[in-house]
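What follows is a set of notes on a single structure, which appears directly below.
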Amino acid sequence: MIPDEGLSSVVEKEVGLLGYELVKFDMFTRGRRKVLRLFIDNPEGAVSVADCVKVTKAVGFVLEDDSLIAGAFNLEVSSPGINRPLMKPEHFKRFAGHGARVEYSVGAGEKKTVIGEILRINDDDVVILSEGKEITVGFGRMIKASLHGESWDIGGTKGRGKKRTGKSR
């Protein structure tokens, strides 16, 4: 279910007032209950549990007072995570030089996926370097995009010499 513009703008405004960026906004049904899932980013650094709690309380309070969601709903707030969605041209600009996975439409219901390094971005498209070739994908044709192949050192690995990549073991 795609959230309507009114709800989306109220949520984005509230998240922005708290000093965070709304990266992604999903609304769907789980069983009999609606779920509103927000992915936030903190321009000052990593998103903490305290950041998620702060946004949950503020957005929840605003939505309780508003008639934008009929009936009961669950509100989930999270960081974008390792495989962060890339939803706006600004996201691609911010992560230029990083690996990305982009799924896009090539017409007639056919889609392709490109995995590679984000090279260049302009108002209309992004250029990905994949297997030595530059592939240009228009933002209007993108179905789904996310960071790909990033390796992050997650706390608690001290002394073990391992880095978590976000993949299940």
Side-chain angles (χ1 to χ4, degrees), residues 1-105 111 113-115 118 121 123 125-126 128 137-156 164-168:
M1 174 188 299
I2 297 173
D4 72 35
E5 289 300 313
L7 177 59
S8 174
S9 64
V10 167
V11 170
E12 189 164 17
K13 178 181 176 185
E14 189 64 27
V15 170
L17 287 171
L18 294 168
Y20 301 99
E21 176 195 4
L22 180 62
V23 174
K24 188 174 179 186
F25 179 108
D26 288 327
M27 187 169 205
F28 55 93
T29 303
R30 183 184 299 142
R32 294 183 183 190
R33 199 163 185 108
K34 292 178 190 134
V35 177
L36 177 61
R37 182 176 293 157
L38 312 178
F39 293 93
I40 62 167
D41 202 1
N42 183 349
E44 302 296 318
V47 174
S48 68
V49 172
D51 295 326
C52 292
V53 169
K54 184 179 184 181
V55 170
T56 300
K57 286 180 179 179
V59 170
F61 181 75
V62 167
L63 293 180
E64 282 178 7
D65 258 5
D66 212 309
S67 60
L68 291 171
I69 301 178
F73 66 94
N74 289 346
L75 177 60
E76 300 176 357
V77 178
S78 178
S79 75
I82 295 171
N83 295 320
R84 170 191 175 66
L86 302 170
M87 306 294 291
K88 305 172 186 172
E90 296 79 29
H91 295 162
F92 285 90
K93 288 176 185 172
R94 178 175 172 192
F95 292 100
H98 290 263
R101 181 182 189 279
V102 178
E103 186 178 315
Y104 61 100
S105 169
K111 59 185 176 181
T113 301
V114 61
I115 298 173
I118 302 169
I121 302 92
D123 292 338
D125 49 45
V126 62
I128 306 285
V137 179
F139 289 115
R141 295 187 306 145
M142 282 187 197
I143 298 167
K144 187 176 176 181
S146 61
L147 287 180
H148 183 78
E150 296 294 322
S151 179
W152 304 89
D153 186 11
I154 308 287
R164 298 288 308 250
T165 62
K167 296 180 182 174
S168 300

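Counting begins at 1 with the first residue of the sequence.
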After noting the C-alpha distance and the side-chain angles of H98 and R84, does the key distance pass the side-chain contact (heavy atoms from CB on, under 4.5 Å) rule? CA-CA 11 Å; H98 290 263; R84 170 191 175 66; over 6 Å; no
Between the CD atom in E103 and the CZ atom in R141, the distance rounded to the nearest 0.5 Å is 12.5 Å
Give a yes or no on whether K13 atom NZ has more than 12 heavy-atom contacts from other residues, nucleotides or ligands under 6.0 Å away. no
Side-chain contact, heavy-atom cut-off 4.5 Å: D123 with F139? no
Taking the side chain as every heavy atom from C-beta outward, state whether D51 and V55 have any atom pair closer than 4.5 Å. no
Taking side chain as C-beta onward, heavy atoms only, is V59 less than 4.5 Å from V77? no
Got V47 and Y20 here, is their nearest side-chain heavy-atom distance under 4.5 Å? no
Side chain proximity check, R94 to E21, heavy atoms < 4.5 angstrom: yes
Measuring only between side-chain heavy atoms, which start at C-beta, is T113 closer than 4.5 Å to V102? no
Nearest heavy-atom approach of P85 to H91 is O-ND1, 4.1 Å
Taking the side chain as every heavy atom from C-beta outward, state whether L63 and L7 have any atom pair closer than 4.5 Å. yes
Using side-chain heavy atoms (C-beta onward) and a distance below 4.5 Å, is L147 in contact with L86? yes
Go through the steps to decide whether I118 and I128 satisfy the test side-chain contact (heavy atoms from CB on, under 4.5 Å), and finish with yes or no. CA-CA 5 Å; I118 302 169; I128 306 285; 4.0 Å; yes
